[in-house]
> 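One structure follows; several queries about it will come next.
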Amino acid sequence: MTGVRTALVIGGGIAGPVTALALRRAGIEATVHEAYETPADGLGGWLQVAPNGLEALRILGAADSVEASGRPIRRTIIADGRGRKFGAYTGVPGLPPGRALRRSELYRLLHDHAAAQGVRVEHGRRLDGVEETDDGVTARFADGSTATADVLVGADGIRSTVRTLVDPEAPGPAYAGLIAFAGRADLTVPGPPDTMHYVFGRRAFLGHWTGPDGRTVWFGNLPRPEPMTAAQAREVPAVEWLEVLREAYADDVPGGDLLRHTEAAELSAVGALEILPAVPRWHRGRMVLAGDAAHAPSPSSGQGVALAVESAVQLARCLRDLPDVPAAFSAYERLRRDRVEKIAASAARTNSRKASGRLARMLMSVTAPIAMRTFATPRRMFGWMHGYRIDWDETVTP
């Protein structure tokens, strides 16, 4: 094995604690360093943890709490803004359903589990620079403090500082042409509570499902030529966004009703939908990238969390089994790159459909039902993605 015994994990969102948990299972003591002074409790909208993500969390002992807290999604319906169904499909046969829950709840569950396993999180540690030696790496933080370990993992998100240290020419996130919103309507849409609905409306895409309290949870993607950061989107008063969204979904079923029954306090402006182009270098020296810092396929993939957990597990296995750090990092990238780039490409196609014009949506309404009745079965569409499994006990080879 590499001889790595300690690690610095930069970033305390979702990828940070799962990376530390995976490293700890491989016998590596990992400390998480988060830039913000306080935890990110209460931030973010809703998300899904796909079946492959649940299986990767199971390796870390964190799946049970996520399954208990999330709403199981067993069926998906695709429709247009008039309420006409393109098709419906269940999950991949033999796989458990994914779980829908608030991002803040997933954050809390993972951080609580990491703390229970002895993972330490240091807040207020904004990375300012890195110094490497032959046998270690030292992180310098903006508050003047430092920390040293055998390796450093950048799990610091789509705008990763570590990525720029690994490769100053690395790409940043690209705008997908859509602004994302999430909300909860004081309205119950008839139908089974374990069903996700994707509606390609006249002007914008909207997804919805029934929340635990019976109200309808929804998320929307509004085409917009210019991007807005989450901070910029939140600067616009929620009542103003509601006017814009109610107009965009006014003629859609059930979008019009959902927006009319959504109060300003229940609306979250998430900001630009972004995707990370292929990152040429995932590692340099004793630094390596994980999660959205290495691969952010956009929320349209439904795979952001799952891929972050998979990568954490694979990185830990490589550091556990291979003879040195360069070999471990190279094997980790080899195990992950093709898969994450394939999923990113799939998400980019989904983003394109969401941002498409009326003619393209009309064409989709004709072709999609034919495809879903013939070759587009759940196993063919999602089996490769949702059925992915990692054997923790299998030895990684160079």
> Give the C-alpha distance, both sets of side-chain angles, the deciding distance and a yes or no for salt bridge (Lys or Arg N to Asp or Glu O under 4.0 Å) between Arg281 and Glu169.
CA-CA 10 Å; Arg281 297 188 65 176; Glu169 302 300 319; over 6 Å; no

> Can you find a pair of side-chain heavy atoms, one from Arg184 and one from Thr262, that are under 4.5 Å apart?
no

> Could you please spell out the steps behind the side-chain contact (heavy atoms from CB on, under 4.5 Å) verdict for Val18 and Leu60?
CA-CA 8 Å; Val18 297; Leu60 307 180; 4.1 Å; yes

> Compute whether any side-chain donor of one residue and acceptor of the other, for Asp292 and Ser160, lie under 3.5 angstrom apart.
no

> Just by distance, do the side chain of Thr188 and the backbone of Gly214 share a donor-acceptor pair under 3.5 Å?
yes

> Within a strict 4.5 Å, meaning less than it, do heavy atoms of the Asn351 and Ser298 side chains meet?
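Yes, side chains in contact.
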
> Any side-chain heavy atom of Ile78 sitting closer than 4.5 Å to one from Phe200?
yes

> To check you understand the geometry: which heavy-atom pair defines the closest contact between Ile77 and Ala88, and what is its length?
CG1-CB, 4.0 Å

> Taking salt bridge (charged side-chain N to carboxylate O under 4.0 Å, His left out) as the test, write out the residues that go with Asp143, two or more places apart.
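In terms of salt bridge (charged side-chain N to carboxylate O under 4.0 Å, His left out), with neighbours along the sequence ignored, Asp143 is linked to Arg125.
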
> With a 4.5 Å heavy-atom cut-off, do Lys342 and Trp384 have their side chains touching?
yes

> Which word best sums up how the rings of Phe141 and His33 line up, parallel for under 30°, tilted for 30 to 60°, or perpendicular for over 60°?
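Because their plane-to-plane angle is under 30°, the rings of Phe141 and His33 count as parallel.
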
> When you look at Arg74 and Asp194, which way does the salt bridge (Lys or Arg N to Asp or Glu O under 4.0 Å) test go after all the steps?
CA-CA 6 Å; Arg74 296 185 173 87; Asp194 60 354; 3.6 Å; yes

> Check for a donor-acceptor pair, side chain of Arg24 on one end and backbone N or O of Gln117 on the other, with a separation under 3.5 Å.
yes

> My understanding is that only residues two or more places apart in sequence, or in another chain, count here; which of them pass salt bridge (charged side-chain N to carboxylate O under 4.0 Å, His left out) with Glu67?
Arg58

> Begin from the C-alpha positions of Asp167 and Arg163 and carry the test salt bridge (Lys or Arg N to Asp or Glu O under 4.0 Å) through to its verdict.
CA-CA 6 Å; Asp167 180 5; Arg163 186 170 65 242; over 6 Å; no

> With Asp251, which residues qualify under salt bridge (charged side-chain N to carboxylate O under 4.0 Å, His left out), at least two apart?
Arg203

> Measure across Pro171 and Pro280 and return the closest heavy-atom pair with its distance rounded to 0.1 Å.
CD-CD, 3.6 Å

> After noting the C-alpha distance and the side-chain angles of Arg215 and Glu266, does the key distance pass the salt bridge (Lys or Arg N to Asp or Glu O under 4.0 Å) rule?
CA-CA 11 Å; Arg215 290 186 289 177; Glu266 294 289 350; 3.4 Å; yes

> Can you list the steps and then say if Leu152 with Arg286 is a side-chain contact (heavy atoms from CB on, under 4.5 Å)?
CA-CA 6 Å; Leu152 182 147; Arg286 291 180 172 269; over 6 Å; no

> Counting the benzene-type ring for Trp, do Tyr89 and Phe382 have ring centres under 6.0 Å apart?
yes

> According to a hydrophobic-cluster definition based on side-chain heavy atoms being under 4.5 Å apart (Ile, Leu, Val, Met, Phe, Trp, Tyr only), do Val199 and Val244 belong together?
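Different hydrophobic clusters.
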
> Considering only heavy atoms from C-beta outward, does the side chain of Val9 approach that of Leu23 to under 4.5 Å?
yes

> Where do Leu322 and Ala328 come nearest, in terms of heavy atoms and distance?
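What the structure gives for the nearest pair is CD1-CA, 3.7 Å.
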
> Run the side-chain contact (heavy atoms from CB on, under 4.5 Å) check on Thr31 and Val119 step by step: do they pass?
CA-CA 6 Å; Thr31 302; Val119 173; over 6 Å; no

> Taking everything shown except Glu263 itself, do over 12 heavy atoms lie less than 6.0 Å from its CD?
no

> Less than 4.0 Å between a side-chain N and a carboxylate O, is that true for Arg246 and Glu243?
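Result for this pair is no, no salt bridge flagged.
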
> Whether the Glu341 and His295 side chains hold a donor-acceptor pair (N or O, under 3.5 Å, no angle test) is what I'd like checked.
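There is no such pair between these side chains.
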
> What residues form a ring pair (Phe, Tyr, Trp, His ring centres under 6.0 Å) with His113, not counting sequence neighbours?
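His113 satisfies ring pair (Phe, Tyr, Trp, His ring centres under 6.0 Å) with no residue once adjacent residues are dropped.
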
> What heavy-atom pair brings Val189 and Thr210 nearest, and what distance separates the two atoms?
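That would be O-OG1, 4.2 Å.
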
> Under 3.5 Å, is there a donor-acceptor pair between the side chain of Arg339 and the main chain of Met385?
yes

> Any chance the rings of Trp282 and Tyr332 have centres within less than 6.0 Å?
yes

> Could you tell me whether a side-chain N or O of Arg71 sits under 3.5 Å from a main-chain N or O of Gly211, the two making a donor and an acceptor?
yes

> Just to verify, what does Trp392 make a ring pair (Phe, Tyr, Trp, His ring centres under 6.0 Å) with, not counting sequence neighbours?
none

> Evaluate the criterion side-chain contact (heavy atoms from CB on, under 4.5 Å) for residue pair Glu29 and Arg5; output intermediate values, then yes/no.
CA-CA 6 Å; Glu29 181 182 352; Arg5 292 290 180 267; over 6 Å; no

> Pairing donors with acceptors under 3.5 angstrom, does anything connect the side chains of Thr395 and Asp321?
no

> Are side-chain heavy atoms of Leu267 and Trp218 found at a separation under 4.5 Å?
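They are in side-chain contact.
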
> If you count heavy atoms of other groups shown closer than 6.0 angstrom to CD of Glu122, is the number above 12?
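Correct, the count exceeds 12.
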
> Does a sphere of radius 6.0 Å around CZ in Arg140 hold more than 12 heavy atoms from other residues, nucleotides or ligands, not counting ones at 6.0 Å or beyond?
yes

> Does the distance from a Lys or Arg side-chain N to an Asp or Glu carboxylate O, for Lys85 and Asp80, drop under 4.0 Å?
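Not counted as a salt bridge, because no side-chain N and carboxylate O are separated by less than 4.0 Å.
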
> Between Tyr36 and His123 (judged by ring centroids, cut-off 6.0 Å), do the two rings come close enough to count as a pair?
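When the ring centroids of Tyr36 and His123 are compared, they turn out to be at least 6.0 Å apart.
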
> Can you see whether Arg75 engages Thr90 through a side-chain donor-acceptor pair at a distance of less than 3.5 angstrom?
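There is no such pair between these side chains.
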
> Is it the case that one hydrophobic cluster holds both Leu57 and Ile343, taking links as side-chain heavy atoms less than 4.5 Å apart, direct or via other members?
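Yes; Ile343 is reachable from Leu57 via cluster members.
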
> What I want to check is whether the side chains of Trp46 and Ser268 have a donor and an acceptor closer together than 3.5 Å.
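Not at all, the side chains of Trp46 and Ser268 share no donor-acceptor pair under 3.5 Å.
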
> Mind listing the closest non-hydrogen atom pair of Gly291 and Ala15 along with its distance?
CA-CB, 4.1 Å

> Thr148: what forms a side-chain hydrogen bond (donor to acceptor under 3.5 Å, both in side chains) with it, not counting sequence neighbours?
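Expected list: Thr138.
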
> Taking all non-hydrogen atoms of both residues into account, name the closest pair between Arg224 and Tyr175 and its distance.
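Smallest heavy-atom distance, with atoms named: O-OH, 2.7 Å.
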
> For the residue pair Glu55 and Glu310, establish whether any side-chain heavy-atom pair is separated by less than 4.5 Å.
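The answer is no, as the side chains (C-beta and beyond) never meet within the 4.5 Å cut-off.
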
> Would you check if Arg99 and Ser69 make a side-chain contact, meaning some heavy-atom pair closer than 4.5 Å?
no

